[in-house]
Amino acid sequence: MSDTTELSKAYEPTEVEARRYAFWLEKGYFRAEATSDKPAFSIVLPPPNVTGSLHIGHALTATIQDILTRWKRMSGFNALWLPGTDHAGIATQMVVEKELKKSEGKSRHDLGRDTFLQRVWEWKGKYGARIGEQHRYLGASLDWSRERFTMDEQSSAAVREVFVRLYEEGLMYRAQKLINWCPSCRTALSDLEVEHEEKNGSIWHIRYPVKDSDRTLTVATTRPETMLGDTAVAVHPEDERYKDLIGKHVVLPLSGREIPIIADGELVDPKFGTGVVKVTPAHDFNDYQTGLRHKLPMMSILDEAARMTKDTGKYAGMDRFEARKAVLADLQEQGLLEKEEPHKLSVGTCQRSATVVEPRLSPQWFIKIEPLARPAIEAVEQGRTKFVPEAWTNTFFHWMRNIHDWCVSRQLWWGHQIPAYYCTSCSPRLGDDTDLPLDAPTVKVGGVDFSRAEPIVARQAPESCPKCGGASFIQDPDVLDTWFSSALWPFSTLGWPNATPELKTFYPTSVMETGHDIIFFWVARMMMMGLHFMGDVPFRTVYLHAMVRDEKGEKMSKTKGNVIDPLDVILGAKSEALAPALKNKFPQGMPAFGADALRFTLASLTQQGRDIKLSMDRLAGYKAFCNKLWNASRFALMNMGEFQYDGGPLKERSLTLADRWILSRLQRATTEARASLETYGFAEAASTLYQFLWAEFCDWYIELAKGSLYGEDAAAKDTTRAVLIYSLDRVLRLMHPFMPFITEEIWQKLPMSRPTDSIMIAAYPESDAALVDEAAEAEMAPVIAAIEGLRTIRGESNLPPATKVKAVVQSPDARTRDLLERWRGYLMPLAGLSEVHVGPPGPKPPQAAAFVATNLEIFVPLAGLIDLDAERDRLRKEIARAEQEATSVLRKLENPNFVAKAPPDVVEKDRARVVELKERKAKLEDHLQRIAPEPPMPENTPSESSTPAVVEDLASPSEPAQVKVAPTKEEKGGVDLGQELKGELGDEGRVPEADPQVQAALAKLREGTKEGLSPTDHHDLGVAYMSMGLVDDAMREFDKAKEGGDGREAPAKATESAERPAKVKAKKPATKKAEAPVSEAAPVAPASEDEAPAAKPAPSKKAAPAKSAKAEATAAPAKAAPAKAAKKASAKAAPVKAAAKKGGKAAPVKAAKKAGKAAPAKPSTKKGGKAAPAKAAKKAAKAAPAKAAKKGGKAGAKSAAKKVAAKKGGAKAPAAKKASAGKAAAKKVTRAKPSARAKARR
RNA sequence: GGGCGGAUAGCUCAGCGGCAGAGCGUCGCCCUUACAAGGCGAGGGUCACAGGUUCAAUCCCUGUUCCGCCCA
């Protein structure tokens, strides 16, 4: 079955997708068994309307459901996903009518009911098929053998059965009630089909004269034209103003009718308006209730097109809005219009036509809903049906508890005609109701008056009239609400009312997956009908997905021109064919992203409780992902030779670390993906698989596998091949539900034995605990850390991949050394190394770039390759990060409450972290020191704008002395006090020139004195430090002076000689590529006969480089414009102190000063030394910036302020950044072993 | 009027008490024989605002402001 043809270079979805779907269809994989030993899993597809084609929301529905179905099918379920379409009464009728008008200029009445319906069926045939086709493009594994339509014979039979049973049970009734009426669709609507909109309108105050009195009552109304249908005015029974008028009459203006003044406490709010309300029972829902309470006459003044009836006299025939103007004009003329005020009102509009709906009194069919709603509420309360996301449960309850009877009749032609019949012999007939328009859809002059006739409800047309024995009947012309048949969908599609095996197997369905917009329309009604007729809930779980919007979050609509057609996305489209918004985005036309990419995108963006903004950029990203998968597979297949994976246990092969690692990671990914699917976490599952495939399998495993694949060891080669195939097989199966096409295509080509002919019926992978290998994951950490560290060094120096470098790795840990030695084969190609020396900590190669991790240090001899400036920059950044993080952790640890109250493990972790960070920082500083630039010419010009960054203050508030100690005699290998100070002072050292003593000391230092410093030197140095505000340093120097100087020995020669030339070269590194390496390597190798630097005590070692690091850090910003300096300064905070001390000649801007003050968290001087409580510190930091910004008002001040504001969180930000710096690979690793991974990176 | 969501990097989105993440986009270097739809590296955040709870808040609570939805 294996197809070993090579894969094309890039993935071409279109061809693959068509071919694969045909294959599945042919094999009948989508078919579910009516009866089976397997557990059942069933979903009924929410039937799309046959109005037209699928939109992107349908694509989302299909994607999610197909993921569920394919996943369950692969997991051993007898999975049914049942397709179908909905006749969509009003919508479809309107669309066809529109087309009829356009193409033939005819109305449906021109054709007549039967002919028109014929046309609709033709339409249905065309678009129903198209919808099926679109689902196939999407890869939907629907059981087409069970495809249904809401108006097919079986569904229609179910509809009739339900209608009749409900009628027999007294739950279906016919009544003349006030309903919502759409004057342009000319049909009744249910409450749900009316959309409420807040609109700006007016409220008019109209005077009604009280009969036999000179008083008038003023009513306030938003619909003055309805006054022609008023049958009362109402006041509040307790309203003293009008109490005496109750029972009297007013003379209705314009018509002259006399209507009663009634008292109604429910309708009237005496505090609102005038306290008098006109009552128009036939045209307002509140008034209707009032009318019922008071048995008022109900006078309809509007016909089905919302035109004034003949009862309205001069207004007859006017449209309702026209009539409003006329009525107002007349009232005005008669002086009865008191005033008009602007008023906000909620207007109900028809969901379909957007016409303002009109409450209308008419005979309709209703379902008594309360007896049906109660069991549905209980079922959800009892958890028999669960909502996902859970938040919808309350929405459901709220609606169900406030539900009204459901008006199910529609005055349309397209739909299920109501199974009610009227005897044409004895039914009352319509009189000469000539004001009815000729084209009235359901009423013919002289015909049966359906509003008064007695219906006979029956499954079949009756034979004879039980009343008169007549044999001629006319069926109720109305049809049922579309949602009536939809409500039966979960069981009507399974064969109900027959007791089919399908019903037995698949009802209740497992999941109802649909958009939350139809929770009431559909979900609630299915619940009610399912419970009533099947005695059980229709589904165990309701998963409600979000709405798909465009990239800007706008609803997609044709008028907005932002509609995205899923087929365009899948197949591509010419720009002319695209909606305007997309045309902009794809002026060259839309590329074919493929169904897999679309599905993966939708799955990745599906988030519970949030609309989906479909991002075309992410779509492109996932298309790239498909290509990545394709090419990874291509790589594997290209390297298979004659190999065939027999499926034998991998454990029995001799696995490499990389093998064990990827296999372990795969098991974890498997577990995670499965767990996510169980909880409907589609995005999470997709992300897990994406990360695994790309960031682990491709970025690491494939790269590591190349060693053995390209090597000579045949057994090793085959093991790698086996692991590649095993992994691909697994990951393809894991991804199959998301991306069915590409996974099948590749899977078919894997050289292995397949238990099934298709991936879609292969088993969904389970995690193999035997392959979970913590040790391998832990072992990989240093390898990855080392490679990443080396890559960073290369990257910062912009070394091209072709340029190989040497690396010296030192680790105090024998095990790490051993590992690295063993895995040098990984290190060398991935980090671009020509040689790698692994050993214990020893002499550091001079002038080498360095990478510091917890357990190891890596040196890359510069040899003219590395950009020294870049490397220094990098080290400085690293140091700053370590420092900043240390600061924040230390701040926490200084808080006694934290230590006392936080869980011990948290405290312990932080303590360890501080130690780690300090070590790291020390090492980094050491390295920085090693590659310090050639000292610049002495220059004493003080500069106001430059301030030394006394970073240590921030870093180690609790141990200030440690970070500021000067180099000691133990310090070897490049400690150069003079240079250090020069570095610190930089080109613009700002030591007060006035002090000759200091000058002398500095001059001496600048000469690069290698001899030990005398006590005087120390003293002078102390003075210098003091003058810079570096109290710690000064104190230390004074101490040294007291002790009597260093008595330092001559510096180590090796270091010296090695360092010198390198320094010179360092200036122009790139140009001298070839020259250095050989000579450079020399001093490195003989690590054993070193100058005993290994014995260096840590603290002193730490101290020296700290200095220069600080100096370096300061140099750059110092040169910058004042604003920048201020910013920098505030970031570091301490320098302010230095400048300020010296009379603070304005170096830092005011804002900076403020800012500096604002960071008291750092116990900057050990003298003032009490660390402010963390909280206070935070507050201060928070508070200050605003003030500073305000005061300064300048850009500089502002940015400085901002920087300080960032201090609180900001201190940690950069450090965090670093943690995140690596590629996703690292992250994924981090996920599994967060602390280990994170540590490894440092 | 009542209710429910949402606000985190330039964009689209995860995370939801203990070191802020992804994809895309940006910048730098590279055509390195699986993939330029690519590789490596870097930069990028007052987690809407204001209070509160807590040793600790992007996360919990209260309020505010915007945005969206539902119901009346």
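Note that the coordinates shown come from a computational prediction; the quantities given were computed from them, not determined experimentally.
- Taking CZ from A:Phe521 and CD from A:Glu193, the interatomic distance works out to 6.0 Å, rounded to the nearest 0.5 Å.
- A distance of about 24 Å separates the C1' atoms of B:rG10 and B:rG39, rounded to the whole Å.
- Separating the P atom of B:rU58 from that of B:rC70 is a span of 34 Å, rounded to the nearest Å.
- Residues meeting the side chain to side chain contact (heavy atoms under 4.5 Å, CB included) test with A:Ala595, sequence neighbours left out: A:Glu17, A:Ile570, A:Phe741.
- When the C1' atom of B:rG39 is taken as reference, atom CH2 of A:Trp700 falls 12 Å away, rounded to whole Å.
- In this entry the distance linking CG of A:Leu345 with P of B:rG1 reads 15 Å, nearest Å.
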Annotated protein contacts, base or backbone, on nucleotides 27-37 of chain B with a non-hydrogen cut-off under 4.0 Å, one of B, S, - each: -SSS-B-BBSB
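- Partners of A:Tyr288 by ring pair (Phe, Tyr, Trp, His ring centres under 6.0 Å), not counting sequence neighbours: none found.
- Candidate nucleotides B:rG23, B:rC71, B:rG41 were compared by shortest atom distance to the side chain of A:Thr792, and B:rG41 ranks first.
- Using a 4.0 Å heavy-atom criterion, one finds that A:Phe625 contacts no nucleic acid atom at all.
- In this structure, A:Phe593 and A:Phe586 have perpendicular ring planes: the angle between them is above 60°, well past the 30° mark.
- A:Ile403 and A:Ala373 make their closest contact through CG2-CB, 4.1 Å (heavy atoms, listed as atom of the first residue, atom of the second, distance).
- For A:Glu195, the salt bridge (charged side-chain N to carboxylate O under 4.0 Å, His left out) test picks out no residue, with sequence neighbours left out.
- Comparing the P positions of B:rA7 and B:rC60 gives an interatomic distance of 10 Å, to the nearest angstrom.
- Residues passing the side chain to side chain donor-acceptor pair (under 3.5 Å) test with A:Arg721 are A:Asp718, sequence neighbours excluded.
- Across the protein-nucleic acid pair, A:Ile518 atom CD1 and B:rC69 atom C1' stand 16 Å apart, rounded to whole Å.
- Residues from residues 593-602 of chain A that place a heavy atom under 4.0 Å from any atom of RNA chain B: there are none.
- Not a single salt bridge (charged side-chain N to carboxylate O under 4.0 Å, His left out) links A:Lys9 to another residue, sequence neighbours left out.
- Nucleotides B:rG52 and B:rG17, compared at atom C1', are 15 Å apart to the nearest Å.
- Every residue two or more places apart in sequence or in another chain that forms a ring pair (Phe, Tyr, Trp, His ring centres under 6.0 Å) with A:Tyr690 is listed here: A:Tyr622, A:Phe625, A:Trp694.
- By the side chain to side chain donor-acceptor pair (under 3.5 Å) test, A:Thr720 pairs with A:Ser708, sequence neighbours left out.
- Nucleotides of RNA chain B nearest to A:Ala620 and A:Asn402 differ in position, and the one nearer the 5' end is that of A:Ala620.
- A straight line from CD of A:Gln691 to C1' of B:rC13 spans 13 Å, rounded to a whole angstrom.
- Atoms CD1 (A:Ile519) and C1' (B:rC69) sit 13 Å apart, rounded to a whole Å.
- Distance check on atom C1': B:rG41 versus B:rC49 gives 37 Å, rounded to whole Å.
- Considering only residues two or more places apart in sequence or on other chains, A:Glu266 meets the side chain to side chain donor-acceptor pair (under 3.5 Å) condition with A:Arg293.
- Atom CZ in A:Phe285 sits roughly 11 Å away from atom P in B:rA72 (whole-Å rounding).
- Looking at heavy-atom distances under 4.0 Å, A:Arg791 makes contact with sugar-phosphate atoms alone, never a base.
- Summary of the strand contacts: A:Tyr690 and A:His404 both lie near RNA chain B, and taking for each the nucleotide with the nearest heavy atom, the more 5' one is attributed to A:Tyr690.
- By the side chain to side chain donor-acceptor pair (under 3.5 Å) test, A:Ser727 pairs with no residue at all, sequence neighbours left out.
- Across the protein-nucleic acid pair, A:His398 atom NE2 and B:rG5 atom P stand 14 Å apart, rounded to whole Å.
- Between the CZ atom of A:Phe396 and the P atom of B:rC70 there is a distance of 19 Å, rounded to whole Å.
- B:rC11 sits 15 Å from B:rC47 when the P atoms are compared, rounded to a whole Å.
- The minimum heavy-atom distance between A:Arg618 and A:Ser604, with the atom names listed, is NH2-CB, 4.1 Å.
- B:rG28 sits 15 Å from B:rG44 when the C1' atoms are compared, rounded to a whole Å.
- Comparing the C1' positions of B:rC40 and B:rC13 gives an interatomic distance of 26 Å, to the nearest angstrom.
- Pairing analysis of RNA chain B (Watson-Crick: purine N1 to pyrimidine N3 plus N6-O4 or O6-N4; G-U wobble: N1-O2 and O6-N3; both under 3.5 Å) yields stems of 3 or more pairs at B:1-7 with B:65-71, B:10-13 with B:21-24, B:26-30 with B:38-42, B:48-52 with B:60-64.
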